[in-house]
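None of the values given here were measured: they were computed from a predicted structure. Quick note on labels: first sequence line is chain A, next is B, and so on, each numbered from 1.
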Number of protein chains: 2
Amino acid sequence: MNPMSTQLIDYYAAEDKIHIATDCIIFGFDNESIKLLIFKRRVDPFKGQWSLIGSFVKATESVNDAAKRVLTEITGLENVFMKQLKVYGGVDRDPGARCITVGQYALIRIEEQDKTLVEKHGAVWHDLHEIPDLVLDHNTLVKDALVQLKLKASYQPIGFELLPKKFTIPNLQRLYEAIYQKKFDDRNFRKKIIALDVLTKLEEKDKSTSKKGAFLHKFNKEKYNKLVNRGINFRL
Amino acid sequence: MNPMSTQLIDYYAAEDKIHIATDCIIFGFDNESIKLLIFKRRVDPFKGQWSLIGSFVKATESVNDAAKRVLTEITGLENVFMKQLKVYGGVDRDPGARCITVGQYALIRIEEQDKTLVEKHGAVWHDLHEIPDLVLDHNTLVKDALVQLKLKASYQPIGFELLPKKFTIPNLQRLYEAIYQKKFDDRNFRKKIIALDVLTKLEEKDKSTSKKGAFLHKFNKEKYNKLVNRGINFRL
DNA sequence: ATAATAAACGTATTTTATACATTTATAAAA
DNA sequence: TTTTATAAATGTATAAAATACGTTTATTAT
């Protein structure tokens with residue numbers, strides 16, 4: 001028998017049964033617009049309806065691990081950028097039972113996903129401007145995650161999580177234009193990005209969008225960490 | 001009987017029992033340094049140890065309402081600024097049982113608290129630099145909340161939540177100096193704050209710290225909201 | 001060779017941030 | 001009642017960053 005006194009058991013038994021889940025707001029970028037990965041539920045409740053990808057949290061895993069688990073199940077990806085958004089803890093948010101959910105947003109490189117796996121689960125990338133009605137309060141989670149993404153992108157270089165490992169400066173600009181929904185001056189954008197000194201320019205060129213071709217770059221995490229440690233903060 | 005099918009009941013019963021709590025990281029400011037409100041637990045487990053103020057979430061209340069409830073119980077205050085920090089969902093964070101907690105930080109005007117009530121609960125304000133060892137992972141919650149406070153203070157005027165309704169510009173400066181742990185040039189600080197145009201200058205003066213006296217100001221939320229709506233973001 | 005075009009580079013102007021000096025209002029001391 | 005002391009308030013010159021906009025370059029297709 002475990003050493004806890006009856007008093008302790010009472011303490012932990014005092015509160016009421018609440019189910020705890022986590023839902024992933026999965027963002028991707030296809031060099032045109034921000035995409036969201038959602039799927040059509042194949043089981044009840046809400047069978048056939050569009051939904052974020054989530055799961056109940058198991059007793060044997062942390063909340064964050066639960067989110068990682070479902071993300072890997074669906075996309076085949078590991079070590080994905082993921083951050084807690086917030087807890088949706090309203091009493092009536094799920095008509096079926098008292099369920100709270102931890103919203104977590106993930107940024108993935110679409111081209112690295114396991115396409116077969118994604119399709120197998122009935123998951124589909126939707127343009128952010130064409131998100132259908134989702135189950136429960138999931139549309140709210142998406143809206144909140146987008147606000148968070150915009151905010152976070154303004155002081156941390158999370159944008160790089162959405163681009164291929166190698167990308168051009170125009171690629172990066174298009175990404176930020178998609179995030180902020182506004183055009184940047186290409187000359188000033190380039191100047192600012194280069195001034196940050198967190199990119200490594202490669203010899204290679206990407207000629208898919210122009211005759212001249214654009215040099216590929218890699219994000220230099222070391223340089224970025226040095227920046228942060230010196231107390232300087234990325235701002236676009 | 002309720003209309004849910006057995007299948008649905010199974011669905012919601014599928015996951016394992018996890019307890020859900022919320023803990024408040026309560027900050028105050030006494031015109032010198034940032035303070036944290038903690039208390040000595042009077043019941044087991046952890047009886048006699050310092051702890052954040054928290055509670056299990058009841059089936060009849062939202063997660064946010066649970067935090068508001070405990071805050072009001074202890075301080076007598078309502079309508080307090082409070083924001084979710086993050087979920088602490090590790091499997092082993094509580095040795096007694098599988099418990100996850102939602103950390104929420106609150107900013108209160110110390111002088112508005114119900115001092116008797118606070119004392120009755122054994123709660124004590126501690127200088128941020130003199131926080132004792134807390135129960136479970138509560139020291140981590142405090143550390144994380146402080147990072148969040150600094151970050152948030154840099155793009156939203158949450159500082160005003162910690163000051164009395166009427167305050168002087170030197171008061172405000174001392175607050176930001178306490179948050180960022182660095183001195184600002186008083187001439188430039190004043191210039192920036194006034195340029196933001198979110199303060200209303202009153203006729204009244206506070207003469208407690210100088211012969212000349214300093215004009216009292218009020219935070220003008222309307223002007224601030226207009227700023228935000230125009231897409232301009234407060235930055236100190 | 002020439003045209004077409006995205007990519008890359010450059011420069012002038014405005015705005016904002018920083019560094020530092022001076023004046024002002026007031027209570028208490030001389 | 002003048003003088004002194006001091007926080008509060010105002011001012012100004014310089015440096016840095018953001019913005020607006022013009023030009024050159026490398027390459028493929030005509």
Side-chain angles (χ1 to χ4, degrees), chain A residues 30-32 153-155 157 163-164 166-218 227 230-236, chain B residues 30-32 153-155 157 163-164 166-218 227 230-236:
Chain A
D30 66 354
N31 213 26
E32 267 220 359
S154 77
Y155 61 84
L163 288 175
K166 297 175 181 180
F167 53 87
T168 67
I169 290 182
N171 286 159
L172 188 61
Q173 181 173 346
R174 254 156 261 142
L175 170 60
Y176 276 95
E177 288 175 344
I179 292 176
Y180 291 115
Q181 289 290 296
K182 72 168 192 181
K183 291 277 173 199
F184 292 103
D185 180 283
D186 53 331
R187 295 153 291 191
N188 294 337
F189 182 88
R190 178 183 298 268
K191 219 180 306 172
K192 263 193 189 178
I193 286 291
I194 288 172
L196 274 178
D197 192 32
V198 293
L199 294 188
T200 304
K201 186 177 176 180
L202 307 175
E203 293 303 308
E204 246 175 301
K205 271 187 169 184
D206 167 17
K207 291 194 175 171
S208 65
T209 53
S210 78
K211 293 158 190 167
K212 182 180 179 179
F215 282 104
L216 287 165
H217 295 256
K218 284 201 307 190
L227 252 191
R230 266 189 277 137
I232 300 148
N233 232 348
F234 188 5
R235 173 158 312 277
L236 210 91
Chain B
D30 66 355
N31 211 28
E32 268 221 358
S154 76
Y155 60 84
L163 290 174
K166 297 176 182 179
F167 53 87
T168 68
I169 290 181
N171 287 158
L172 188 61
Q173 182 173 344
R174 254 156 261 143
L175 170 61
Y176 277 94
E177 288 176 343
I179 292 176
Y180 291 115
Q181 289 291 297
K182 72 168 194 180
K183 291 277 172 198
F184 292 103
D185 180 283
D186 54 331
R187 297 152 290 190
N188 294 337
F189 181 87
R190 179 182 298 268
K191 219 181 304 171
K192 263 195 188 177
I193 286 291
I194 289 172
L196 274 178
D197 192 31
V198 294
L199 294 188
T200 304
K201 185 178 176 179
L202 307 175
E203 292 304 308
E204 244 176 303
K205 271 186 168 183
D206 168 16
K207 291 193 176 170
S208 64
T209 54
S210 80
K211 294 157 189 167
K212 182 178 179 180
F215 281 105
L216 288 165
H217 295 255
K218 285 200 306 188
L227 252 192
R230 267 188 277 138
I232 300 149
N233 231 348
F234 187 5
R235 174 157 310 276
L236 209 90

Taking donor-acceptor contacts at under 3.5 Å, does the side chain of B:Arg187 reach the base of D:dG11?
no
Whole-Å gap separating C1' (C:dA7) and CZ (A:Phe167):
16 Å
Could you go through A:Ile194 and A:Ile169, starting from their C-alpha distance and side-chain angles, then the distance that decides it, and tell me whether this counts as side-chain contact (heavy atoms from CB on, under 4.5 Å)?
CA-CA 9 Å; A:Ile194 288 172; A:Ile169 290 182; 4.1 Å; yes
Nearest-angstrom distance from the residue atom CZ of A:Phe189 to P of D:dT19
13 Å
Here the distance between atom C1' of D:dG22 and atom CG of A:Asp186, to the nearest Å, is 12 Å
Can you tell me how far P of C:dA19 sits from CG of B:Asn188, to the nearest Å?
8 Å
Check this for me: A:Gln181, atom CD, are more than 12 non-hydrogen atoms of other residues, nucleotides or ligands nearer than 6.0 Å?
yes
Suppose we define a pair by two distances each less than 3.5 Å, Watson-Crick or G-U wobble; what does C:dA30 pair with here?
D:dT1
Take A:Asn31 and A:Phe167 through the side-chain contact (heavy atoms from CB on, under 4.5 Å) test and state the conclusion after the steps.
CA-CA 10 Å; A:Asn31 213 26; A:Phe167 53 87; over 6 Å; no
Toward the 5' end of DNA chain C, by each residue's nearest nucleotide, B:Lys191 or A:Ser210
A:Ser210
Whole-Å gap separating C1' (D:dA20) and CZ (A:Phe184):
15 Å
Most 5' of B:Lys201 and B:Lys211 on DNA chain D, judged by nearest nucleotide:
B:Lys211
Hey, is the main chain of A:Arg190 close enough, under 3.5 Å, to the side chain of A:Gln173 for a donor-acceptor pair?
no
Upstream residue (5' side of DNA chain C) when B:Lys205 and A:Asp206 are each assigned their closest nucleotide:
A:Asp206
With heavy-atom distances below 4.5 Å as the criterion, would you say the side chains of A:Ile193 and A:Phe189 are in contact?
yes
Can you identify which nucleotide, out of D:dA8, C:dA8, C:dC9, has its nearest atom closest to the A:Phe215 side chain?
C:dA8
Does OP1 or OP2 of D:dT28 have a side-chain N or O of A:Lys212 closer than 4.0 Å?
no
How many Å lie between CD1 on A:Ile169 and P on C:dC9, as a whole number?
8 Å
For atom NZ of B:Lys183 and atom P of C:dC20, their distance in whole Å
17 Å
Given atom NZ of B:Lys207 and atom P of C:dA28, what is their separation to the nearest angstrom?
10 Å
How would you label the contact of A:Asp185 with the nucleic acid (heavy atoms, under 4.0 Å): base, sugar-phosphate, or nothing?
base
Below 3.5 Å, does any donor atom in the side chain of A:Arg190 face an acceptor in the base of C:dA7, or the other way round?
no
